[in-house]
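Comments concern the structure below.
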Amino acid sequence: MKSQNQYRHHLVSKRTALSLAIGQLVLGTAISLPAYAQDKQTEQKVEVIAVKGTYSKSLEQAVDMKKENIGFSDSIVATDIADFPEQNLAEALQRMPGVTIERNKGLGSKVNVRSLPSEFTHVSINNLATASGSGGRDVEFDIFASEIIQSVTVQKSPTAADEEGGIAGSVQIGTAKPFDYSDAQFVVSAEGAHNSISEKTDPKFSFLASDTWGDWGALVSFSKAERNNRTDSNSGINFRPMGRFLEASAPRSTQAAAVLERDAGVIVSDFKDKDETSRIIFQDKVGDRVFQSEQDKWGSTASVQYKPSSNFSLTFDAMLGGYDNTEDEYDAAAYSASSRSTLETIHAYDDTTLAEYGMVVLTDVSYTATQHEFLSKERINETDFTQYSITMDWEVNGWDINALAGFSGAEKTADYANLKHVAYAPSRTRWTANGGETIKSDNPNSIDMYNAADKYLFEAYETQLEEVQDDKYAAQLDFKKELEWSMLPALSSVQFGVRYTDKSKERNYGETKIQGPSAGDSSYVNKRTLQDSELGYVTDIASGGAYQAKNLNWMQISNDYARRTFRYEGFFTPFQVNQYYRVDEEVTALYAMSNFDFEIGDLPSKLNAGVRAVDTDVLSFGYHPIQNQDGSTGYTKDPVSADGSYSDVLPSFNLTVEVAEDVIWRTAASETLMRPALGDIAYKRTVSWNEFRFKDGNPGLKPTKAKQWETGVEWYMENGGILAASYFWKDIEGVVREELTGIVEDVEKRNADGSLDGYYDFEVFQPVNAEGSYKVTGLELIAQLPLTMISESLDGFGINANYTMLDNTLTGASDLDIPTPPEGLADKTYNFTAYYENDVFDARVSYNYKDKYVEYIHLNMYPVYRDAYGQTDIALGYKLTDNVKLSLKGINITDEETTGYTMNPAFPVMYEFSGRRVSLGLRADF
């Protein structure tokens, strides 16, 4: 363990060493450079030149990038990104083969490659691993505006030169550089977008300016957008095991058993047998919810290049951004499983749908004391993103030398509040075709939960505050040598390099409750009622039209009123030491690889083979609970530290063979890894004194690893046409699970009055790498066809389509042994875009589909599925002049709803509407 002073010294030493390394690597090199060098990229990449013009031209260049890359990859470039109706970068990526997104209330937020969880994907911007305020390793793509991005490549088969960290793949984002353009550029655009539910129109503005002057070039871009969106949702309807009532004290337990036998013919033999009681299901919390989201997002890039000749370039890139999101949520909910309640009458039940698991589902029930809740929730999230890098490309004496040094950082503050009023009364809750509902029961004490403001009593105004600081430093040096060896003529070049990264993530969190007009005062509790506050209809508070999920409206307290009224002067949310953690991670990677050009028979072939050696050191800090001599509990004075380390060797192999003119057979094999989640390696401890149990993080966790291979055939045609098919296989091992890892003997435990209770052995539970592995296999199909190749009469028409089908062997994640696929993995995904364009007009319609998938395992027993979802988007454009274009775009034009269910569609859990979004914009290029 390390003390606080050692901890600080460690951090200072790390930062000092890194600063010196960066200075020697970049500044020291730059000042000694001769006036000649060459900007020459590796054979695995193709130079990205900015696309100015048509959608079809951007598709052509993306296909060129795919063809030139020796591994499996897919790309999109500037016109495709900026000119389609996307709300952020995540939504731009969803049209790429094998890429799906996670939507949060109608907005793309995270990216899944080949349906694996988002944290399985490595993300970089300008070759720097991207910081995020998520608190984990996954990147929140909704913070990035698509307008400031130049190109995106999803690398699905790595080379030894690629930074490790993505089992699913790597998303490589590039911003524009001044020498990407052959002449001066100035692009400006403005747009207004209207949401059908919120009935508000939001502005968006962006510009890019770039020019070169002899050896120097400079570029700046900026984008700013506002987004007001409303989402209406009947959701939160989950399974609840009957143990909730049967394990309660009498008469709640005995009445529940009697009602089960009387109304459903179900006899419970052992109230404590969870395997039995967890197969008798009733309906948990049912809620009608309105979400109002107000977002303000801006992003900016800057690039300065020094390029005195074709042999040498030095580039400084900066990327800044901010993403502020205020979300108001208004709930009217009924909690059937309240601590006061039990079964009163079972009106209907289902013992057939899930009979194979021995389950009986109570579908329509009256309860004795439902907990009705009116909740006003406010989430204020602010994220600031910063990235700086300097890169050098230099050819000297037959060597290509590339150097990089940079920083990527994100700061996120999340301020949450929940105003809670509660009414206990008999009610009847049942499933409906689209979710659930709670209505008055036959009990004379029942209430109409939506119109009983005088019955709801104040419980608390709860607040939470979280701050996350995510910093990542990196330095890299690469060398490449072209070879002409008579003894081995197939060997065309060798390449080797080193990369050092230093990552740290620090999290502070606190929560508290307000229960009266001043600190420590609880006079509001069970005294103040809902009607004592200012009320308004929820559809007026949130703005917009009628509630979409059902014919319903209700009165609620606005979050503005709640913040003004209940946060007394001087109130703040203090951070809690038991929730603090900091994780520092240092990685040193060395790689070497060889490139071969040869012929198999008379078939031109390219081979890339290499190995990457990675050494990782982890140092994690958190506070540990202690029990004081007086019986009170507290925490260690200073953070307690623990470290971990691991080393890995990752081989890779990529081969392309041109089996016929413009027909390429491609195959690849590699080993790769995904590092454990930061929350799992954070060394903080929680304790249950009554259960004699510690729960720790585990800095010694090893990464989840994968062995993978892929093979496929690609036929490249004129004007960017391509037909491609590939089959991939992944064997994933070391998935993280929580298990009992040890015993701490003779832990002193004291009573509340300070007297000695005794000495006990405490169990320690930690995340560990589970034994065994599971396999994911899949088929990916791509068809991109300009239809003029079929007939000249179809000039300007084209299609762009892709399809991915997956299978896996992982089952049994449920404690009830219910076969369950990996969370987030959809069996089928596809995209289809049809387009037309001529010199003045263009039109595109796109359909994006993601099959059903497991969203989470409720109570570690019941898999909850997100239903299959398909969305249609359109884009129309008309050139008013050669330089000015008018566009009309639509997102989700058919106003699709988001739905989900537990185990079977007969038991829906969600019915959610986010509306359609239509925008009108003007863009000028000079």
Side-chain angles (χ1 to χ4, degrees), residues 104-107 195 197-203 226-233 287-297 322-333 373-383 412-422 450-451 453-454 456-466 510-519 521 523-525 527-548 552-573 914-915:
N104 181 17
K105 303 176 185 68
L107 180 68
N195 175 259
I197 301 181
S198 71
E199 299 181 349
K200 289 190 174 183
T201 300
D202 306 320
E226 296 178 10
R227 181 181 186 270
N228 287 272
N229 205 74
R230 203 183 95 188
T231 298
D232 295 351
S233 178
D288 286 290
R289 297 173 167 87
V290 171
F291 301 87
Q292 177 78 43
S293 176
E294 296 182 1
Q295 300 171 356
D296 190 351
K297 175 166 55 181
Y323 180 62
D324 298 339
N325 181 32
T326 298
E327 181 183 81
D328 295 312
E329 176 185 346
Y330 299 103
D331 289 8
E373 299 176 343
F374 270 31
L375 308 174
S376 298
K377 300 179 181 179
E378 182 182 43
R379 300 176 181 88
I380 303 174
N381 295 331
E382 298 178 357
T383 303
K412 181 175 181 178
T413 300
D415 184 353
Y416 169 81
N418 178 22
L419 176 61
K420 186 175 182 180
H421 287 78
V422 176
Y450 298 97
N451 295 286
D454 60 322
Y456 285 83
L457 300 177
F458 177 94
E459 183 172 296
Y461 182 74
E462 303 167 339
T463 68
Q464 299 172 5
L465 184 64
E466 180 182 41
E511 59 185 36
T512 191
K513 291 182 179 180
I514 296 174
Q515 295 186 311
S518 60
D521 189 332
S523 60
Y524 287 164
V525 179
K527 299 289 194 302
R528 185 183 177 109
T529 69
L530 187 67
Q531 71 177 5
D532 291 331
S533 294
E534 180 183 289
L535 300 176
Y537 280 105
V538 67
T539 52
D540 293 332
I541 294 173
S543 79
Y547 182 60
Q548 301 292 302
L552 179 68
N553 204 352
W554 66 94
M555 301 192 78
Q556 194 115 16
I557 300 172
S558 74
N559 283 315
D560 286 341
Y561 175 88
R563 181 173 282 267
R564 293 194 314 267
T565 303
F566 295 103
R567 297 200 181 204
Y568 49 79
E569 186 176 353
F571 168 80
F572 69 99
T573 303
S914 294

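All values derive from a computational prediction rather than experimental measurement.
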Treating [X] as the side-chain partner and [Y] as the backbone partner, does any N or O pair qualify as donor plus acceptor under 3.5 Å?
X    : Y    : result
E373 : K420 : no
R230 : N195 : no
D232 : Q548 : yes
S376 : L419 : no
D202 : N228 : yes

Could you measure the distance from the [atom1] atom of [X] to the [atom2] atom of [Y]? Nearest 0.5 Å is fine.
X    : Y    : atom1 : atom2 : result
N325 : D296 : CG    : CG    : 10.0 Å
R563 : Y461 : CZ    : OH    : 5.0 Å
N381 : Q295 : CG    : CD    : 10.0 Å
K377 : R289 : NZ    : CZ    : 6.0 Å
T413 : L465 : OG1   : CG    : 7.0 Å
Y330 : I541 : OH    : CD1   : 5.5 Å

Salt bridge (charged side-chain N to carboxylate O under 4.0 Å, His left out) involving [X] - partner list, sequence neighbours excluded:
X    : answer
D288 : K550
E327 : K105, R379
E382 : none
R528 : none

Please examine the side chains of [Y] and [X], heavy atoms only from C-beta on, and report whether any two atoms are closer than 4.5 Å.
X    : Y    : result
D521 : I514 : no
L375 : E329 : no
V290 : Q556 : no
T231 : S914 : yes
E466 : Y416 : no
I197 : N229 : no

Quick one about D454 and Q531 (side-chain donor to acceptor, distance below 3.5 Å, no hydrogens or angles considered), yes or no? no
Using only heavy-atom distances, determine whether the side chains of D560 and S558 contain a donor-acceptor pair under 3.5 Å. no
All ring pair (Phe, Tyr, Trp, His ring centres under 6.0 Å) counterparts of Y568, not counting sequence neighbours: F571
Please list, chain by chain and in numerical order, all residues satisfying ring pair (Phe, Tyr, Trp, His ring centres under 6.0 Å) with F458, sequence neighbours excluded. H421, Y524, F566
Looking at every non-hydrogen atom in both residues, tell me the closest pair between [X] and [Y] and how far apart they are.
X    : Y    : answer
Q515 : E459 : NE2-O, 3.3 Å
S543 : S198 : OG-O, 3.8 Å
L535 : I557 : CD2-CG1, 3.5 Å
R567 : A417 : NH2-CB, 3.5 Å

Ring geometry between Y547 and W554 (parallel below 30°, tilted from 30 to 60°, perpendicular above 60°): perpendicular
Side chain to side chain contact (heavy atoms under 4.5 Å, CB included) partner of E378, chosen from N418, N559, D415, T463: N559
